[in-house]
Amino acid sequence: MEITLRSLHVTLVALLVSTLIGVPLGAWLALGRVPLRRLALALIYTGMGLPPVVVGLFVYILFSRSGPFGSLAWLFSLRAMIVAQTILALPMVAGITMSSIQSVDPALRPQLRALGATRWQVVRTIAVEARFGILLGVMAGFGAIISEVGAVMLVGGNIEGRTRVLTTAIVLETRRGHFALALALGAILLSLSFLTNSLIMLGQGGGRWRR
Amino acid sequence: MSEPIYALDDVAQVYGTRTVLSVPRLDVRAGEVLAVLGPSGAGKSTLLRLLGLLEAPTRGQVRFHSGERWVTHAEARTEERRQIAMVFQRPALLTRSVRANVAYGLRVRGERDAAERIEAVLRRVALDGLAKARAHTLSGGEAQRVALARALVLAPRVLLLDEPTANLDPANVRLIEELIREQNAQFGTTIVLVTHSIFQARRLASRCALLIEGKLVEVSPAAQFFEAPRDPRTRAFLSGEFVF
Ligand SMILES: Nc1ncnc2c1ncn2[C@@H]1O[C@H](COP(=O)(O)OP(=O)(O)OP(=O)(O)O)[C@@H](O)[C@H]1O
Ligand SMILES: [Mg+2]
């Protein structure tokens, strides 16, 4: 139970941070005049396929005692795990937000301006038009990080009672031969994923989707 | 019908390397219905976007008189831009209900209690039965009427219409033309109407302009434009002999 809550905690905080940064970033890339846009896109697309273990390694180095953020002493804590998960989810949220905003009819923008919307109001309206796509991006981010093992294992250390989460616990229990327990944890993980996704869909879009 | 509401000075619009519009001088007068005619690709929609203060011209000045002062694209404040409403040639609607689409311009102005006005304008364009329909399920002609309604409901000082009847059947054409006439006569709305139809220009316009390859060939009062055009190209255009 405690492990489940910890998994959720890490995932939701990381997801919140990547949504708060990723959605505006994706919107900016889709609608704004962005310097070095191609480079940014290349980074995002690379980021979407980033091997989690490499991200883990990277964060490990950053937060290790001799690393640039070593003095924070975040390594082997939930914070380092959240940082790693955010780095994994952010490109996904930003990339999918960008492409769903780009798929909104570009002819709409000047027409909204011509109805008296300010630039900022146009951006908001376009984002609302792309809401299902953006939601999908957030859900993809959620799915990627709640099921992720490599990075959280590296930077969290799988410490019992502190940084052990569902995925790392499954790895451990499987190694110990406790298959029943591992399976049970796996089932919890699956149902969490399923529940959250269904909730998001029902709460935000379900009603309109049907109409 | 006296003082100008737009003044264009030495305006040119260049896309890439092509000059698609070049207007040394044009005034639009407050309260008039100015029809802009011309073959496809002549730059009519481009002219309308400039009048809508949606783009800055590459060269020259497009000035709009807000009632208090002259403003260009760069100078216009939001309240001043909001005196102008434009209906595009190919309307793009929000993927919401018809009513929400019509309410949009009011909502961005912070007016939330306008239900009555919205219902009234929906009745005017004969769409009151479709108020709850989702906009993307509409036919081309219905979408075009929504686009007109969402502009009309704003009671703008200037209405820019880009072929507002292009996809409509004769009954709807009559309906829309009646609306345009009414809007101009009752509220004194200045209207710039881009149309392919010489007949429509004849029925609605107080002044007509002919645009060919980005240049204004003739701008004259409707009577003169149709009965005694000065330019041979206007004559050719009116008789359908114009070769594009
Ligand atoms: N944003 C743009 N970028 C490049 N070229 C453009 C752009 N907008 C218009 N043009 C070009 O400018 C020319 C004039 O276009 P415009 O849409 O103003 O013509 P129009 O008179 O409205 O034609 P139609 O009657 O077919 O609607 C066309 O050749 C068009 O290809
Ligand atoms: Mg056009």
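Predicted model, so just to flag it, every value in this text is computed and none were measured. Just so you know, these numbers use all the heavy atoms, side chains as well, and skip hydrogens, waters and symmetry mates. Quick note on labels: first sequence line is chain A, next is B, and so on, each numbered from 1.
Using a 4.5 Å heavy-atom threshold, the side chains of B:V108 and A:R124 count as separate. When side chains are defined from C-beta on, A:Q121 does not count as touching B:R107, because their heavy atoms never get closer than 4.5 Å.
Listed by chain and number, the residues in a salt bridge (Lys or Arg N to Asp or Glu O under 4.0 Å) with B:R123 amount to none (sequence neighbours excluded).
Atom CZ in B:R77 sits 15.5 Å away from atom OG1 in A:T118 (nearest 0.5 Å). Atom OG1 of residue B:T78 and atom CH2 of residue A:W120 lie 14.5 Å apart, to the nearest 0.5 angstrom. In this structure, A:D105 CG and B:R90 CZ are separated by 5.0 Å, a value rounded to the nearest 0.5 Å.
B:L54 and A:R113 make their closest contact through CD2-CB, 3.8 Å (heavy atoms, listed as atom of the first residue, atom of the second, distance). Looking at every heavy atom in both residues, B:R96 comes nearest to A:T125 through NH2-CG2, 3.7 Å.
Annotation: A:F194, atom CZ; neighbour count of heavy atoms from other residues, nucleotides and ligands within 6.0 Å does not exceed 12. For B:Q186, the CD atom counts as densely surrounded, since its 6.0 Å shell holds more than 12 non-hydrogen atoms of other residues, nucleotides or ligands. More than 12 heavy atoms of other shown residues, nucleotides or ligands fall within 6.0 angstrom of atom CD in A:E173. In the displayed structure, A:R79 atom CZ is contacted under 6.0 Å by at most 12 heavy atoms of other residues, nucleotides or ligands. Counting non-hydrogen atoms of neighbouring residues, nucleotides and ligands closer than 6.0 angstrom, the CZ atom of A:F76 exceeds 12 such neighbours. Heavy-atom contacts from other residues, nucleotides or ligands closer than 6.0 Å to CZ of B:R69 number more than 12.
Contacts between residues 144-156 of chain B and chain A, defined by a heavy-atom separation under 4.5 Å, are made by B:R150, B:A151, B:L154.
Contact of B:L53 with chain A is not made at all, since no heavy-atom distance falls under 4.5 Å.
When each of B:R82, B:E79, B:R49, B:R81 is checked for heavy-atom pairs under 4.5 Å with chain A, B:R81 comes out on top.
Evaluated for a side chain to side chain contact (heavy atoms under 4.5 Å, CB included) with B:L94, the options A:L108, A:V128, A:V104 yield exactly one hit, A:L108.
When atom types are taken as modelled, the side chain of A:Q111 and the backbone of B:F88 share no donor-acceptor pair closer than 3.5 angstrom.
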